[in-house]
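Here is the naming used below: chain letters follow the sequence lines, and residue numbers restart at 1 for every chain.
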Number of protein chains: 2
Amino acid sequence: MRYRYDVYEDRCPTRMVLDRLADKWAVLVLDRLEDGPVRFNAIRREIKGISQKVLSQTLKRLERDGLVTRTVYPTVPVTVEYALTPLGRTLTETVSALAHWAEHNMDAVLAAQATYDAAGAR
Amino acid sequence: MRYRYDVYEDRCPTRMVLDRLADKWAVLVLDRLEDGPVRFNAIRREIKGISQKVLSQTLKRLERDGLVTRTVYPTVPVTVEYALTPLGRTLTETVSALAHWAEHNMDAVLAAQATYDAAGAR
DNA sequence: AAACGTGGTTTCCAATAGATACTAAGGAGA
DNA sequence: TCTCCTTAGTATCTATTGGAAACCACGTTT
């Protein structure tokens, strides 16, 4: 089965999408939204170390790509809720697997790094 | 089920791993290696637009993390072959899904971007 | 002897990432 | 009333990175 698009091609629009998706923060944000709508500062508090600017940019891109919706409730203070779109939902399984692969295989990676560094330090 | 590691934590070593894995070039390289060992310049030619420096860096990191092996054959000119390790192989399904999601959903993403940009241009 | 193919490293500049500080608008506490 | 808290961001500045291009050694072909 062939598609009109090919990530191996330069200038293919899929490259832009891959660039956004293959991003540490985007992966964590999508993973966090898997269980339902979440507010801006809730995401910010739970994804430790993310800055406001980066979170804002990441969400804006995901919204533009149709993966996330942004809903503003005129409460006081204003409430802004982010949620996955159906399109975004088709991605969560993959993204979640990527985000948590590291948790499952961290020991193996650390061991490999130690071996590599020891060999390199000859 | 709980692990000692948590990608949501700052300073957790999994963050470093996620940072390497959630990278456009790393994803493409891992996807390319799925079918068996490939030589440096073969990867370079097939992943259009990747520079030698970036490919070299990406492979070095993947090797350090124990995902890829580097084998030098003393031919003339020298042949260097890269291949997935068993650990790397546990990742290919996920990475491949991510790399090709864009190909399958590109039209939906482009449509979402057009809508978003049209609304923003008010 | 000049050019080519191998698998890189080095150099340089522009673009980006991230830390920090700031904004507005309302509510709560002193 | 004055100050501080919250919300969801934006603005500014700097350090790091990404990527293009040039360079390298080695041996072979032309």
Given DNA chain D, 5'-ward residue of the pair B:Gln57 and A:Leu59, judged by closest heavy atom: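 The 5'-side residue here is A:Leu59.
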
Taking every non-hydrogen atom, the tightest pair across B:Thr94 and A:Leu98: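 Here B:Thr94 and A:Leu98 meet closest at CG2-N, 3.7 Å.
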
Test: A:Arg64 and B:Asp117 ion pair at under 4.0 Å: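 Result for this pair is yes, salt bridge flagged.
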
Side-chain ion pair, B:Arg4 and A:Asp107, N-O less than 4.0 Å: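 Yes, B:Arg4 and A:Asp107 are salt-bridged.
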
Touch class at under 4.0 angstrom, heavy-atom based, for B:Tyr73 against every strand present: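 B:Tyr73: no heavy atom of the nucleic acid under 4.0 Å.
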
Touch class at under 4.0 angstrom, heavy-atom based, for B:Arg44 against every strand present: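 Nothing, no heavy atom under 4.0 Å.
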
Can you tell me how far [atom2] of [N] sits from [atom1] of [X], to the nearest Å?
{"X": "B:Asp19", "N": "C:dA17", "atom1": "CG", "atom2": "C1'", "value": "11 Å"}
{"X": "A:Lys48", "N": "C:dG18", "atom1": "NZ", "atom2": "P", "value": "18 Å"}
{"X": "B:Lys24", "N": "C:dA17", "atom1": "NZ", "atom2": "P", "value": "11 Å"}
{"X": "A:Leu28", "N": "C:dG18", "atom1": "CG", "atom2": "P", "value": "11 Å"}
{"X": "B:Lys53", "N": "C:dT11", "atom1": "NZ", "atom2": "P", "value": "12 Å"}

Pairs flagged by salt bridge (charged side-chain N to carboxylate O under 4.0 Å, His left out) wherever residues 47-60 of chain A is involved - sequence neighbours left out: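 Listed by first then second residue: A:Lys48-B:Glu9.
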
Positional range of nucleotides in DNA chain D within the contact set of chain A, heavy-atom, under 4.0 Å: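 Terminal contacting nucleotides, 5' to 3': D:dT6 to D:dT12.
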
Any B:Lys60 side-chain nitrogen or oxygen under 4.0 Å from OP1 or OP2 of C:dT9: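 Answer is yes, contact under 4.0 Å.
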
Short side-chain N/O contact from A:Trp25 to OP1 or OP2 of C:dG18, under 4.0 Å: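 Result: yes.
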
Which residue lies more 5' along DNA chain C, comparing B:Glu81 with A:Gly49 via nearest heavy atoms: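 The answer here is B:Glu81.
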
